[in-house]
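Throughout, numbering of the chain's residues begins at 1 and tracks the sequence.
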Amino acid sequence: MNMDRFVVTHEAGGEQTEVTRKVVTDFFRALVDGDYELFERVASPDMRQWVAGDFWWSGFHTLEEAKAVRDAWFSGLKDDGADFKFELLSVLADGNRASVENRITATWKDGQPYESLCHIGLDVADGKVIGYREYFDTAYEARFHQSEKPY
């Protein structure tokens, strides 16, 4: 597996830190809300997403695949995700890099409650997310029925 696509020069501190913080916050707002117009404004068309685990949605994804993964995940939620909640617990930014911790709570269609803590590392260039690396408890995640691969 070639990890070179995640080599991004770290540009520490300065005004870039606030740009990164805003881009990352908008990125998650768009992803959670399914606002693909905003999502495409803050995510580079060349963005590469990497997700931990051994699930169909683990590994590398393009921007379009990332949207399909999001929609497939939401399709497994009760009442179209009526009780879905996404909390940004922390957004730490330094220059063009950010580290995010979040908590997701929801209920699956079968009535089973879901609560997950997750860490995500992001890289920003030219005001857009270009790199996304997601880490979570894969053993916990494996307990739940996952949607089928949409692509």
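The 12-atom threshold is exceeded at NZ of K128, counting heavy atoms of other residues, nucleotides or ligands nearer than 6.0 Å.
D83 and T107 form a side-chain donor-acceptor contact under 3.5 Å, judged by distance and modelled atom types alone.
Note that K67 lies in the cation-pi zone of Y36, set by a 6.0 Å cut-off to the ring centre and a 45° limit from the axis.
Not a single donor-acceptor pair under 3.5 Å links the side chain of D33 to the backbone N or O of D35. At least one donor-acceptor pair under 3.5 Å links the side chain of E65 to the backbone N or O of T62. Side-chain atoms of S58 come within 3.5 Å of backbone N or O of G53 as a donor-acceptor pair.
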Which is it for W73 and Y114 under the ring pair (Phe, Tyr, Trp, His ring centres under 6.0 Å) test, yes or no, and what are the steps along the way? CA-CA 12 Å; W73 192 87; Y114 177 81; 5.5 Å; yes
Walk me through whether L31 and R70 qualify under side-chain contact (heavy atoms from CB on, under 4.5 Å). CA-CA 8 Å; L31 195 57; R70 180 254 182 227; 4.0 Å; yes
Give the C-alpha distance, both sets of side-chain angles, the deciding distance and a yes or no for ring pair (Phe, Tyr, Trp, His ring centres under 6.0 Å) between Y140 and F144. CA-CA 8 Å; Y140 175 77; F144 301 100; 5.0 Å; yes
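Separation of atoms CD (Q16) and CZ (R21) is listed at 11.5 Å; rounding is to 0.5 Å. D94 contributes atom CG, which lies 10.0 Å from atom CG of L92 (distance to the nearest 0.5 angstrom). Here the OG1 atom belonging to T17 is positioned 15.5 Å from the NZ atom belonging to K22, to the nearest 0.5 angstrom. Rounded to the nearest 0.5 Å, atoms CZ (R48) and CZ (F60) are 7.0 Å apart.
Taken together through direct or relayed side-chain contacts under 4.5 Å among Ile, Leu, Val, Met, Phe, Trp and Tyr, V32 and L117 form parts of separate hydrophobic clusters.
A heavy-atom distance below 4.5 Å is not found between the side chains of F39 and D26.
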